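Input: a single structure, listed below in structure tokens.
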2 protein chains.
Amino acid sequence: MEYTVQELSRLAGVSTRTLRYYDEIGVLKPARINSSGYRIYGEAEVDKLQQILFYGELDVELRTIKKIMSSDNFDSIAALREHREKLLAERKRLDKLIATIDKTIQSKEGRIIMSDREKFEGFKRELIEENERKYGKEAREKYGDQAVDRSNEKLLNMTPEDYARFEKLSSELMETLKEAFKTGDPAGELAQKAADLHRQWLSFFWDSYTREAHAGLAQMYVDDERFTEYYDKEQPGLAKFLRDAIHIYTGMKK
Amino acid sequence: MEYTVQELSRLAGVSTRTLRYYDEIGVLKPARINSSGYRIYGEAEVDKLQQILFYGELDVELRTIKKIMSSDNFDSIAALREHREKLLAERKRLDKLIATIDKTIQSKEGRIIMSDREKFEGFKRELIEENERKYGKEAREKYGDQAVDRSNEKLLNMTPEDYARFEKLSSELMETLKEAFKTGDPAGELAQKAADLHRQWLSFFWDSYTREAHAGLAQMYVDDERFTEYYDKEQPGLAKFLRDAIHIYTGMKK
DNA sequence: TGTTGACATTGACGTTACGTAAAGGTGTAT
DNA sequence: ATACACCTTTACGTAACGTCAATGTCAACA
């Protein structure tokens, strides 16, 4: 199959300017030039362009790509295998970025505390492994070993539907809680419904549920002002109210 | 917590030049300038930089980022949620690219046939959905419905260990086959071992194995020159020999 | 106290991978 | 014959920094 610039550009999803530039710098020359001076590309050029784009996807400079691919011992299959590995690593990096987003949202809502370092987890491409070691230690000291680890993993592996359910549950919890607060009774029906919603909400993060842990977390909402703020900014006294409701719900009141 | 340019640059993994540039174009101004003219960044700037980097990860131009973030109804949490969605989409794109690599390797080895369009599957960011529809149809017509689909999915979900096993099996198959060829007997022990290895190799792609399908594929190795070439370039006559061995192995001889 | 060395500052020019005209030739379809 | 969608080269524009250069700041050490 032969292609003109435009045809190849459409096939590969690049501009014709790009193809002319690639010709100019010599990274991808057309198979031949026809009688009118048009560039004509063949099968080999299609494959070469694909390789170039793979390299580009990994942010390799064109100059370097040219050097690599014009080397006479260039092994295209070995290169593809390398691309595969790199892309898998890039995918892992994206997972980290998504985990960072999840944590940041939780943090902005006052549900968890986040160090400045954690906020940039996943951005640095080269230093990922080093950070892995450092951060792994820091996090484990702060939150306890698997807690955060597992919870991030859970969020990450959620289907979009699950995630939507999770978000819906979050707002439902807040709404119910505010309604319950108006009644002033943490033992009342609404407050107990809120406590139950909170338990469901937790199940998105926690592997196993115990009433003790639930009650403990509720107490933390009152003790740590960064958590208190999240609930109290909606309605002063809400954190305390939620703690009371949960303590009753879990049967841990006194 | 307060940071100087260098401190923030180390934290976020960007250069100090970048921070000065961001100041210059006004996308990220320091919290204050100290008495010596040094830039000092605070907590709010840390968070803002994080957001900027998230936008950058999605290839949003700094000019646009500035416009978006300086808007007075900018909702940082909503933005984070959007980043999350976009990054998930990007992850899917990477999956496609990896699938494209897998297919390309198979194709270069002559094991499957690949259209030029398929070679660029995953590169075009915007047109992914459109391609999805077009390609989905094209592929299904060519190879039959789930065959390729499922096989790519299988390769994609392989652990690195599985993938290594797969690669090892591939070369083991070729070695055994070449040894067997020397004996000249497709019913012999070595040839039958090769046929068995080929069955194992297939199991990496196929959901269910039938002797009929196995024998059919073997015949195709002889009938379609693009497959023949893969085996015959190692040793002329190898494709035919493998077919004979598999036909005996599957009991489909004659 | 003087000097070293790691930090900071503002210019200012360079670079990569194209985008975007401008000015003009080519091919075929009506 | 002319329209129209192609193609060509030339050339200047651009985004997001990298990379000097020249100079000021500050804590520490001989």
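Because the structure is predicted, anything quoted here is derived from the model rather than measured. Protein chains get the first letters and strands the later ones, always in sequence-line order, with residue 1 at the start of each.
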Practice prompt. Report the distance from atom CD of B:E24 to atom P of C:dA12, rounded to the nearest whole Å.
Written response: 12 Å

Worksheet item: Any donor-acceptor pair under 3.5 Å linking the side chain of B:E7 with the backbone of B:T4?
Response: yes

Worksheet item: What are the two closest heavy atoms between A:P30 and A:I40, and how far apart are they?
Response: CB-O, 3.5 Å

Worksheet item: Any Lys/Arg nitrogen of A:E90 or A:R93 sitting under 4.0 Å from an Asp/Glu carboxylate oxygen of the other?
Response: yes

Between protein and nucleotides 26-28 of chain C, what N or O pairs are separated by less than 3.5 Å?
unit_1	atom_1	unit_2	atom_2	d
C:dT26	O4'	A:Y38	OH	3.3
C:dT26	O3'	A:S36	OG	3.2
C:dG27	OP1	A:S36	OG	2.2

Discussion item. Check this for me: does any side-chain nitrogen of one of B:E2 and B:R32 sit under 4.0 Å from a carboxylate oxygen of the other?
Written reply: yes

Practice prompt. Using only side-chain N and O atoms of A:Y22, determine if any of them is under 4.0 Å from OP1 or OP2 of C:dC18.
Written response: yes

Fill in: Short side-chain donor-acceptor distance under 3.5 Å, B:E118 and B:T100
no

Discussion item. OP1 or OP2 of D:dC17 versus the side-chain N and O atoms of B:S15: is any pair under 4.0 Å?
Written reply: no

Practice prompt. Report the nucleotide, chosen from C:dA12, D:dC12, D:dA16, that has the shortest atom-to-atom distance to any side-chain atom of B:R17.
Written response: C:dA12

Worksheet item: Under 4.0 Å between a Lys/Arg side-chain N and an Asp/Glu carboxylate O for A:K103 and A:E121?
Response: no

Response to the item:
Per nearest nucleotide of DNA chain D, the residue lying toward the 5' end, A:R39 or B:V60, is A:R39

Practice prompt. Give the C-alpha distance, both sets of side-chain angles, the deciding distance and a yes or no for side-chain hydrogen bond (donor to acceptor under 3.5 Å, both in side chains) between B:S107 and B:T104.
Written response: CA-CA 5 Å; B:S107 147; B:T104 305; over 6 Å; no

Practice prompt. State whether B:D116 and B:K119 are salt-bridged, where the test is any N-O pair (Lys NZ or Arg NE/NH1/NH2 against Asp/Glu carboxylate O) under 4.0 Å.
Written response: yes

Worksheet item: Rounding to a whole Å, what distance do you find between B:K66:NZ and D:dA16:P?
Response: 12 Å

Worksheet entry | Gap between atoms CZ and P, on B:R20 and D:dC17 respectively (whole Å) | 13 Å

Discussion item. Tell me the interatomic distance from B:I52, atom CD1, to D:dA16, atom P, rounded to whole angstroms.
Written reply: 12 Å

Worksheet item: Is B:K86 paired with B:E82 through a side-chain N to carboxylate O contact shorter than 4.0 Å?
Response: yes

Item to complete: Using heavy atoms to find the nearest nucleotide of DNA chain C for B:D23 and A:I25 separately, return the residue whose nucleotide is more 5′.
Response: B:D23

Fill in: Side chain to side chain, B:F120 and A:V46, heavy atoms closer than 4.5 Å
yes

Discussion item. Hydrogens and angles aside, do B:H83 and B:E57 bring a side-chain donor and acceptor to less than 3.5 Å of each other?
Written reply: no

Worksheet item: Rounded to the Å, how far apart are B:L19 CG and C:dT9 C1'?
Response: 14 Å

Fill in: Separation of D:dT19 P from B:Y21 OH (nearest whole Å)
16 Å

Worksheet item: By a strict heavy-atom criterion of less than 4.0 Å, which residues belonging to residues 3-10 of chain A are in contact with DNA chain C?
Response: none

Worksheet item: Rounding to a whole Å, what distance do you find between B:E61:CD and C:dA17:C1'?
Response: 14 Å

Worksheet item: Quick one: B:D59 CG to C:dA17 C1', roughly how many Å, whole number?
Response: 13 Å

Worksheet, complete the sentence: Students should find that the end-to-end axis angle of the helix from C:dG2-D:dC29 to C:dT30-D:dA1, with five pairs defining each axis and rounding to 10 degrees, is 0°

Worksheet item: Mind checking whether A:Y21 and A:V27 have side chains closer than 4.5 Å, heavy atoms only?
Response: no

